[in-house]
Amino acid sequence: MFDGERVLAADSLRVRDGHVVDVGEGLQAANGEATIDAQGGTVLPGFIDAHTHSWGEARTDALRFGVTTVVDMFTMASMLPEARESRETPGPTRQADLFSAGTLATVKGGHGTQFGLPVPTVDSDDDVVPWVRARIEEGSDFIKIVREDLSAYRGRPDMPSLEAPRAAALVQAAHAEGLKAVVHVAAYQHAVESLDAGADGLVHVFQDAVADDAFAQRAARQGLFVVPTLTVVAGLSGERSALADDAELGPRLSGGQKQTLSTRWPWPANPGLIANARANVTKLHAAGVRILAGTDAPNANTAHGASLHEELVQLVDAGLSPVEALAAATAHPADAFGLDQRGRIAPGMRADLVLVAGRPDQDIRDTRGIRAIWKNGHPVPLASMEFMP
């Protein structure tokens, strides 16, 4: 049993009313309780994907792969009331819980405005505080700020973007309202400026350069967390996901998931991007920066739910141990985003659970061998959720 941070000596747990009520060794069933024999497997908290964009079937797709909570970085604000009600109701469901930034902070013509969704932009200093308060009224759980001018990919600014002073004002306004503020970055300079601004997290790792030791050490001191999204950066760099051919995960992919996995970015492959990104994860992790697992699904080369298992492999290849990678997809994102009752197996926690064959604390690829999923203590009927090739 992996509790979100470590492997426990305990071999049994009891679930009641959607929550874990007891964890121990040799617990015995009482009062007609049903028992499940998980011998030979590992029980883990339901996984948390710390960077998604979730609409349509996204939350159903996520749950089918053991991702019981998604942290959404930009979606339709009209979805947020239903998502909040759903996650506060510990009954049977076929969907992962959703916590979201809702609308992102960007400028007119900036990143985020190209997808056809209505986006209120931040185009003056006077817009900052009203914009943050409007997100609170919509139900945003945190604030996402975009620092993206495409310079990391094209060697020069090629898109309008928030400048450092206004981005810093957004961080301050979010903090004044009790919300965390995270920043989309791809360029090292934007990461440095976000650290200067006191941002809580970066929701991509920068790809145009490798951080120096001073940045990594300062980021650790300030408590910055980073969601590297290596899987989507790999796609940007020209690498291709092999999930569609995976013996365990491939049969559960829907047609839509296969399509996003096979989609390619419309610019030349640049292997230097993923090389820098992996080097940055290695350096930041070694310095003590908290790394969170996130996929940026459903962007090219990703699929909701399934890609988290690929991201875990990416993180281990970048220097995290299997146990650290598992924590990056369970307890650590729950802590970073304040996701109450999620990310751990302990009394009082939601009974969002995944049973896998093998020992993913030793071989991270064993997360793919999903044998059972429970959401709010209720079994998720895998057979009826699978998609055959």
>> Just verifying a value: how many Å separate H51 NE2 and T295 OG1, rounded to the nearest 0.5 Å?
In response: 7.5 Å

> Going by distance alone, is a donor N or O of one side chain under 3.5 Å from an acceptor N or O of the other, for T229 and H204?
Replying inline: yes

>> On a heavy-atom basis, which atom in V354 and which in P45 lie closest, and how many Å separate them?
In response: CG2-O, 4.3 Å

>> Could you check whether E57 pairs with R94 (Lys NZ or Arg NE/NH1/NH2 to Asp/Glu carboxylate O, under 4.0 Å)?
In response: no

> Can any side-chain N or O of D246 pair as donor or acceptor with the backbone N or O of L249 at less than 3.5 Å?
Replying inline: yes

>> Between the side chains of R16 and E33, is the shortest nitrogen-to-carboxylate-oxygen separation below 4.0 Å, so that they form an ion pair?
In response: yes

> Once you round to the nearest 0.5 Å, how far does CZ of R135 lie from CG of L80?
Replying inline: 10.0 Å

>> According to a hydrophobic-cluster definition based on side-chain heavy atoms being under 4.5 Å apart (Ile, Leu, Val, Met, Phe, Trp, Tyr only), do I345 and V356 belong together?
In response: no

> What distance do R252 atom CZ and F65 atom CZ have between them, rounded to the nearest 0.5 Å?
Replying inline: 7.0 Å

>> Give me the atom names and distance for the closest heavy-atom approach of A77 to E138.
In response: CB-OE1, 3.5 Å

>> Regarding R350 and N376, do their side chains bring together a donor and an acceptor under 3.5 Å, going by distance alone?
In response: yes

>> Using a 3.5 Å distance criterion without hydrogens, assess whether the side chain of E5 forms a donor-acceptor pair with backbone atoms of D3.
In response: no

> What are the two closest heavy atoms between A293 and L315, and how far apart are they?
Replying inline: CB-CD1, 4.0 Å

>> Under the criterion side chain to side chain contact (heavy atoms under 4.5 Å, CB included), I'd like the reasoning laid out for F206 against H190: C-alpha separation, chi angles, the key distance, then a yes or no.
In response: CA-CA 8 Å; F206 40 94; H190 295 156; over 6 Å; no

> Does N270 reach the main-chain N or O of Y153 with its side chain, forming a donor-acceptor pair under 3.5 Å?
Replying inline: no

> With no hydrogens and no angle check, is any side-chain donor or acceptor of E311 less than 3.5 Å from a backbone partner on T231?
Replying inline: yes

> Say you draw a straight line from CD1 of I145 to CG of L104; how long is it, rounded to the nearest 0.5 Å?
Replying inline: 10.5 Å

> What pair of heavy atoms forms the shortest contact from V107 to T113, and how long is it?
Replying inline: O-CG2, 3.7 Å

>> Heavy-atom count check: over 12 atoms from other residues, nucleotides or ligands less than 6.0 Å from R365 CZ?
In response: no

>> Determine whether a donor-acceptor pair (N or O, by modelled atom type, separation under 3.5 Å) exists between the side chain of K283 and the backbone of A216.
In response: no

>> Just by distance, no angles: are the side chains of E324 and H285 close enough, under 3.5 Å, to form a donor-acceptor pair?
In response: yes

> In terms of hydrophobic clustering (I, L, V, M, F, W, Y; side-chain heavy atoms under 4.5 Å; direct or indirect links), are V289 and V203 co-clustered?
Replying inline: no

>> Between the side chains of K375 and D97, is the shortest nitrogen-to-carboxylate-oxygen separation below 4.0 Å, so that they form an ion pair?
In response: yes

> Which heavy atom in M73 sits nearest to a heavy atom in F142, and how many Å separate them?
Replying inline: SD-CE1, 3.7 Å

Show me the donor-acceptor pairs within less than 3.5 Å that the side chains of residues 86-93 make with the rest of the protein, sequence neighbours left out.
residue : atom : partner : partner atom : Å
R87     : NH1  : L98     : O            : 3.0
R87     : NH1  : D141    : OD2          : 3.1
R87     : NH2  : D141    : OD1          : 2.8
T89     : OG1  : E85     : O            : 2.9
T93     : OG1  : Q95     : N            : 3.1

> With a 3.5 Å cut-off and no angle check, do the side chains of H175 and D200 form a donor-acceptor pair?
Replying inline: yes

>> Does atom CZ (R264) have a neighbourhood of more than 12 heavy atoms from anything else shown, all under 6.0 Å?
In response: yes

> Could you state the interatomic distance from NE2 (H378) to CG (L353), rounded to the nearest 0.5 Å?
Replying inline: 12.0 Å

>> Tell me if a side-chain donor or acceptor on H53 pairs with a main-chain N or O of F74 at a distance below 3.5 Å.
In response: yes

> Under the 3.5 angstrom rule, does the side chain of D61 hit a backbone N or O of A303 as a donor-acceptor pair?
Replying inline: no

> Is there a side chain to side chain donor-acceptor pair (under 3.5 Å) between D149 and S151 once you walk through the steps?
Replying inline: CA-CA 5 Å; D149 60 8; S151 59; 2.6 Å; yes

> Do the rings of F115 and H111 sit parallel, tilted or perpendicular, given the 30° and 60° boundaries?
Replying inline: perpendicular

> Would E193 and Q189 satisfy side chain to side chain donor-acceptor pair (under 3.5 Å), going step by step from the backbone distance to the final call?
Replying inline: CA-CA 6 Å; E193 291 167 354; Q189 182 58 37; 3.1 Å; yes

>> Checking the side chain of T52 only, and the main-chain atoms of A297 only, is there a donor and an acceptor separated by less than 3.5 Å?
In response: no

>> I'd like to know if the side chain of S124 pairs up with that of D126 as donor and acceptor (distance under 3.5 Å, no hydrogens or angles considered).
In response: no

> Can V71 be reached from V67 by stepping across I, L, V, M, F, W or Y side chains whose heavy atoms are under 4.5 Å apart?
Replying inline: no

> Has the side chain of T75 got a donor or acceptor atom that lies under 3.5 Å from a matching backbone atom of S54?
Replying inline: yes

>> Quick check: closest heavy atoms across F215 and L195, and the distance to 0.1 Å?
In response: CE1-CD2, 3.7 Å

> Name the one of D196, D213, D212 that satisfies salt bridge (charged side-chain N to carboxylate O under 4.0 Å, His left out) with R218?
Replying inline: D196

> Can you get from V185 to F337 by hopping between Ile, Leu, Val, Met, Phe, Trp and Tyr side chains that sit under 4.5 Å apart?
Replying inline: no

>> Tell me whether I274 shares a hydrophobic cluster with L284, the cluster being built from Ile, Leu, Val, Met, Phe, Trp, Tyr side chains joined at under 4.5 Å.
In response: yes

>> Check this for me: E163, atom CD, are more than 12 non-hydrogen atoms of other residues, nucleotides or ligands nearer than 6.0 Å?
In response: no

>> Any salt bridge linking D335 with R344? Criterion: basic side-chain nitrogen under 4.0 Å from a carboxylate oxygen.
In response: yes

> Looking only at atom types and distance, does a side-chain atom of R342 sit under 3.5 Å from a main-chain N or O of D340, one as donor and one as acceptor?
Replying inline: yes

> Taking atom CG of D317 and atom CD of Q314, what is their separation to the nearest 0.5 Å?
Replying inline: 6.5 Å

